[in-house]
Amino acid sequence: MDFEFSKEQKDIVKAAREFAEGEFTDRAQEFDRAETFDEQIFKKAAALGFVGIFINEEYGGGGLGITEQCILQEEFSAVDLGTGAGVLSCCFGSEIIQEFGTEEQRKKYLPPLTKGDTIMGSALTEPNAGSDLAAAVTSAARDGNDYVINGSKMFITNGTRANYLICFVLTDPDNPNNHRRHSMVIVETDRNGFEANKLRGKLGIRASDTAEISFNNVRVPCSNLVGEPGKGFAQAMYLFNLNRIGMAAQAVGMARSALEESIKHVKKRVVFGAPLATYQAIQFKLADMYTLMHAGRNLVYEAAWRIDQAKIDHKLIAAAKAFCGQMVVRCTDMALQMHGGYGYLDEYKVQRLYRDAKIIEIYEGTTEIEKMIVARRLLI
Ligand SMILES: Cc1cc2nc3c(=O)[nH]c(=O)nc-3n(C[C@H](O)[C@H](O)[C@H](O)COP(=O)(O)OP(=O)(O)OC[C@H]3O[C@@H](n4cnc5c(N)ncnc54)[C@H](O)[C@@H]3O)c2cc1C
């Protein structure tokens, strides 16, 4: 058993940390307030090989694994989740093309993505189908050699930025098995009838683009289908497994940052004639934060390591996501509390961390859904 990263992984930690600190730190508050970020940062990240680190080298990716993607997620989120998610989510869904797509689709879609020339996203959630994904009703009806898509999607990351989205669509509504009714289809966002509207006023990760999408008779060729028809639900679960561990890694990065900010603050802030750090109630908070963050971190990297070793453990991934979501909400709450009134101001990083943390309990499967997965697997 080895708890150390390899030399190459340590180099990735260093490079990712330097990049995020150099590019995000001074502008995170500006991006948060403006609800967007500078696309040049994404271009630079792609040029440095941070976009699609898990995509095979033959398609321009880093040829590395989910562990390395988790390292990037942790390091970027420790500086700013909104910008980090804005950068790393640009290849959200490429996992499906890499695993289930044709060679032609891989060659067409993956290299421009890793170069930073295109952006993609995954459109699964609908206004009335989030946790219960199989209830999605956006339809793709066959018409000659095309699919004609109608419906809407909700909360889609990169919805207004993406060049194409992998869309979870209903292709076989009468199939008695509700996990065989959907397929994944690539939709170019410049097609007639496609519309994306940015959602403003999010609690956190405001720099990251989130949109609602509508499809009004959007026509795409059948060659845009990824994998076999009727396999969309299974492909979505594949995608969630690879991605939700990255979301848990985001939590670890934020919790670590909340701890670092808190340590700096409690050493400096004097109350009742002594630094906050001298009081046991404060010390216990720091100890709890460290313990929770470290437990989350071990869950994340064990689960990621198992994915990369082809020993995927669905229960462990779901447990890591559930634990880390709750962990980061608790840690950022303690951090803000230790900052008192100052933590309530957006000039203080802990305010943003506190707001951003909550998303880990919601996207890529809520805490409740993750616990359902763990329990189901325990009770098999
Ligand atoms: C900022 C942001 C970015 C996102 N990005 C994307 C994206 O890029 N692509 C995409 O497809 N989606 C995206 N999502 C959507 C996200 O994955 C969903 O919001 C999430 O899966 C929850 O679905 P819902 O919002 O419909 O909540 P619901 O499914 O309505 O759930 C509401 C509450 O009920 C609970 N609940 C549901 N079922 C049960 C049950 N059986 N038992 C007990 N409790 C239950 C849930 O845990 C939750 O607490 C994003 C969301 C946000 C906010």
Side-chain angles (χ1 to χ4, degrees), residues 31-32 35-37 73 77 80-96 119-138 151-170 178 182 184-187 189 196-215 232-233 235-248 250-251 254 318 321-322 325-326 328-329 352 355-376:
F31 295 155
D32 180 57
E35 301 192 39
T36 187
F37 76 104
Q73 294 280 17
S77 307
D80 182 44
L81 176 62
T83 314
V87 169
L88 294 177
S89 66
C90 287
C91 47
F92 179 33
S94 59
E95 299 88 343
I96 292 184
I119 291 171
M120 71 177 292
S122 288
L124 295 94
T125 305
E126 297 189 359
N128 294 312
S131 304
D132 182 11
L133 188 60
V137 293
T138 293
S152 54
K153 295 283 175 186
M154 190 63 181
F155 303 124
I156 304 310
T157 300
N158 297 329
T160 70
R161 298 171 64 215
N163 302 89
Y164 47 89
L165 296 172
I166 295 258
C167 298
F168 181 74
V169 287
L170 195 56
N178 68 348
H182 299 84
M184 291 287 188
V185 170
I186 301 168
V187 178
T189 56
N197 290 307
K198 187 175 171 100
L199 295 167
R200 294 191 176 272
K202 296 202 299 281
L203 173 69
I205 58 162
R206 294 161 71 101
S208 167
D209 177 59
T210 312
E212 55 184 333
I213 310 281
S214 66
F215 304 87
F233 192 84
Q235 292 171 352
M237 295 306 119
Y238 173 83
L239 176 67
F240 285 148
N241 269 323
L242 298 195
N243 255 285
R244 57 178 48 139
I245 198 62
M247 309 300 110
Q250 293 175 345
M254 283 189 283
K321 170 69 164 54
Q326 292 182 310
V328 72
V329 167
R352 200 173 65 251
R355 287 188 288 108
D356 287 349
K358 188 64 191 171
I359 194 59
I360 310 295
E361 285 221 81
I362 297 172
Y363 63 12
E364 294 279 323
T366 62
T367 301
E368 293 75 15
I369 295 300
E370 303 303 338
K371 288 186 183 180
M372 279 164 57
I373 295 169
V374 176
R376 265 188 210 145

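Note that ligands are numbered from 1 as they come in the structure, with each ligand's atoms numbered from 1 the same way. Only a predicted model underlies this, so the values are computations on that prediction, with no experimental measurement involved.
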Asks: Take E212 and S152, measure what side chain to side chain contact (heavy atoms under 4.5 Å, CB included) needs, and give me the verdict at the end.
Replies: CA-CA 7 Å; E212 55 184 333; S152 54; over 6 Å; no
Asks: State plainly whether the residues R244 and E370 are in salt-bridge range, i.e. N to O under 4.0 Å.
Replies: yes
Asks: Looking at V187 and C167, what are the two nearest heavy atoms and their distance?
Replies: CG2-SG, 3.7 Å
Asks: Hey, can you tell me if H182 and F168 have their rings parallel, tilted or perpendicular (30° and 60° cut-offs)?
Replies: parallel
Asks: Compute whether any side-chain donor of one residue and acceptor of the other, for E126 and T138, lie under 3.5 angstrom apart.
Replies: yes
Asks: Evaluate the criterion salt bridge (Lys or Arg N to Asp or Glu O under 4.0 Å) for residue pair K371 and E368; output intermediate values, then yes/no.
Replies: CA-CA 5 Å; K371 288 186 183 180; E368 293 75 15; over 6 Å; no
Asks: Please tabulate, one line per pair, the protein N or O atoms found under 3.5 Å from any N or O atom of ligand 1, giving the distance to one decimal.
Replies:
| from | atom 1 | to | atom 2 | distance (Å) |
| --- | --- | --- | --- | --- |
| ligand 1 | 5 (N) | F155 | O | 2.8 |
| ligand 1 | 5 (N) | T157 | OG1 | 2.8 |
| ligand 1 | 8 (O) | T157 | N | 2.9 |
| ligand 1 | 8 (O) | T157 | OG1 | 3.1 |
| ligand 1 | 9 (N) | S122 | O | 2.8 |
| ligand 1 | 11 (O) | L124 | N | 2.9 |
| ligand 1 | 11 (O) | T125 | N | 2.8 |
| ligand 1 | 11 (O) | T125 | OG1 | 3.1 |
| ligand 1 | 12 (N) | T125 | OG1 | 2.7 |
| ligand 1 | 14 (N) | F155 | O | 3.3 |
| ligand 1 | 23 (O) | S131 | N | 3.4 |
| ligand 1 | 29 (O) | S131 | N | 3.0 |
| ligand 1 | 29 (O) | S131 | OG | 2.6 |
| ligand 1 | 47 (O) | T366 | OG1 | 2.6 |
| ligand 1 | 47 (O) | E368 | OE1 | 2.7 |
| ligand 1 | 49 (O) | E368 | OE1 | 3.4 |

